[in-house]
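This report refers to the structure that appears directly beneath it.
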Amino acid sequence: MEQISARIANLSESETLAMSQKSAELKAQGIDVINLSVGEPDFFTPKHIKEAAKQAVDDNYSFYTPVPGYMSLRKAISQKLKTENGLDYAPEQIICSNGAKQSVCNAVLCLVNPGDEVIIPAPCWVSYVEMVKLAEGKSIIIETGIEQDFKITPAQLEAAITPKTKGIILCSPSNPTGSIYSKAELKALAEVLAKHPQVFVLADEIYEHINYKGKHESIAQFENIRERVAIINGVSKAYAMTGWRLGWLAGPKWLVSACNKLQGQYSSGPSSIAQKAAEAAYLGDFECVEEMRKAFERRRDLVVDLAKEIPGFEVNVPEGAFYLFPKCSSYFGKSHNGRTINDSADLAMFLLEEGHVACVGGKAFSAPDYIRFSYATSDENLVEAFNRIKNVLDKLK
Ligand code: PMP
Ligand code: GLU
């Protein structure tokens, strides 16, 4: 007899990881699938970072680490926040975890009581709503569309805040849209938040360095809300280190100590080797990050051009991250060989099974009229994938 708790039974599976898994299964059957589903850099981790990890093994970094991470790593992150972002965070205000994903979840679990409301601007990353569910909170989705470049306005934010609002999760540059809030836009949101002292801000900045617009702007820079902001970031995207599992949170000491308590009972400090690698990343040459960023920017230009060629797709020009999020609802209700496309999940499955291109339907990102393509892959793959997409969508009548 299965005895799954209601807490887990009610949780949805991560659609990004599920689609990637499906694509891997088809590949294992010998089918030539192009995987534009999961979002991860296709580059290898830079050499100097790998060397630091090898050295850490040889130097016997094999013991439990402090729950919030090695002091040397937290110092390196504190330094990064100062030099790259102009923000002052002492190492005691930083806690490292198994990827940024755990940092977001730590923060949600430490902040949210049952029934508390958490505002999530949508389209949003698949895991936010599920994390809030895990904490027995209530997600309050603010919907945005392509016509407003997927960014919430101060008026929308004001309207969503209630006495029960505990926090907001803001992701810029955004997964899945690639939109980036400008300094002026963040300031306007901060002014609204300043009027509501019960609202805490979780700023997910994991795509900080995948930015085609210019300097990264953090909402933590505004003094009027600064003490109620936690920044979440990590090495996964900037340094092509998704598998190393090293992320972090920087914020007020009371939140960091709560995360420390949770993590201490739940998973302990993150991997010793990954921490030494991350330290080398933050202390090392920045050129590797810039090279990858340039490659993503070139691919962004390519993929926007390719997607604009597809009839029925409404495409914007993302300013960051490595996702394209076209509106695809013009295909809903169309059929091929007795198979009808009812929603974006159906469309993603159709593209996978008929076109052998893996992507993720927008429903998983609380935006059912859209579909997400990760363009963190080679130019050849992108050209071939969009060729396939065009041909297979052409069959839908
Ligand atoms: N936040 C967002 C918006 C993401 O897309 C992801 C996925 N990588 C994460 C957090 C988690 O990143 P990590 O691999 O460091 O856990
Ligand atoms: N964040 C990436 C994505 O959206 C990786 C998968 C995940 O953790 O959701 O595809």
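This structure is a prediction, so every number in the text was calculated from the model and none was measured. Ligands are counted one by one from 1 in listed order, and the atoms in each one are counted from 1 as well. Computed over heavy atoms, backbone and side chain alike; hydrogens, waters and symmetry mates excluded.
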Polar pairs, ligand 2 vs protein, N/O only, below 3.5 Å.
| from | atom 1 | to | atom 2 | distance (Å) |
| --- | --- | --- | --- | --- |
| ligand 2 | 1 (N) | W125 | NE1 | 3.3 |
| ligand 2 | 4 (O) | W125 | NE1 | 3.4 |
| ligand 2 | 4 (O) | N175 | ND2 | 2.9 |
| ligand 2 | 4 (O) | R372 | NH1 | 2.9 |
| ligand 2 | 8 (O) | K101 | NZ | 2.9 |
| ligand 2 | 9 (O) | T16 | OG1 | 2.7 |
| ligand 2 | 9 (O) | W125 | NE1 | 3.1 |
| ligand 2 | 10 (O) | G39 | N | 2.7 |
| ligand 2 | 10 (O) | R372 | NH2 | 2.8 |

Taking distance alone, with N or O pairs closer than 3.5 Å, would you say Y207 contacts ligand 1? yes
Given that the side chain starts at C-beta and the backbone is N, CA, C, O, which of these parts of A100 lies under 4.0 Å from ligand 1, counting heavy atoms, or is it both or neither? both
Could you tell me whether K75 atom NZ has more than 12 heavy atoms of other residues or ligands within 6.0 Å of it? no
Which pairs would a plain distance check flag for residues 316-324, meaning a side-chain donor or acceptor within less than 3.5 Å of a matching protein atom at least two apart in sequence or in another chain?
| from | atom 1 | to | atom 2 | distance (Å) |
| --- | --- | --- | --- | --- |
| N316 | ND2 | D149 | OD1 | 3.1 |
| Y323 | OH | Y207 | OH | 2.5 |

Do any N/O atoms on N98 end up under 3.5 angstrom from N/O atoms on ligand 1? no
Proximity to ligand 1 by part of Y128, non-hydrogen separation under 4.0 Å: side chain
Of K237, E40, K101, which has the heavy atom at the shortest distance from atom 8 (N) of ligand 1? K237
Who's the nearest protein heavy-atom neighbour of atom 1 (N) of ligand 1, and how far? D204 OD2, 2.6 Å
Using residues 348-368 as the side-chain source, report each donor-acceptor pair under 3.5 Å to any protein atom, sequence neighbours left out, with the distance given to one decimal.
| from | atom 1 | to | atom 2 | distance (Å) |
| --- | --- | --- | --- | --- |
| E353 | OE1 | R339 | NH1 | 3.1 |
| E353 | OE1 | R339 | NH2 | 2.9 |
| H356 | NE2 | E353 | O | 3.4 |

Can you give me every donor-acceptor pair (side chain of residues 96-103, partner residue at least two apart or in another chain, under 3.5 Å) with its distance?
| from | atom 1 | to | atom 2 | distance (Å) |
| --- | --- | --- | --- | --- |
| S97 | OG | G99 | O | 3.1 |
| S97 | OG | S103 | N | 3.3 |
| S97 | OG | S103 | OG | 2.5 |
| N98 | ND2 | Q102 | OE1 | 2.9 |
| Q102 | OE1 | N98 | N | 2.7 |
| Q102 | NE2 | S267 | OG | 2.7 |

With a 3.5 Å cut-off and no angle check, do the side chains of Q148 and T153 form a donor-acceptor pair? no
K261 atom NZ, over 12 foreign heavy atoms within 6.0 Å: no
State which residue, out of L283, N233, L87, I94, fulfils the side-chain contact (heavy atoms from CB on, under 4.5 Å) condition with K80. N233
Taking atom 9 (C) of ligand 1 as the reference point, the nearest protein heavy atom with its distance: W125 CH2, 3.4 Å
Heteroatom distance test (Q102, ligand 1): nitrogen or oxygen, under 3.5 angstrom: no
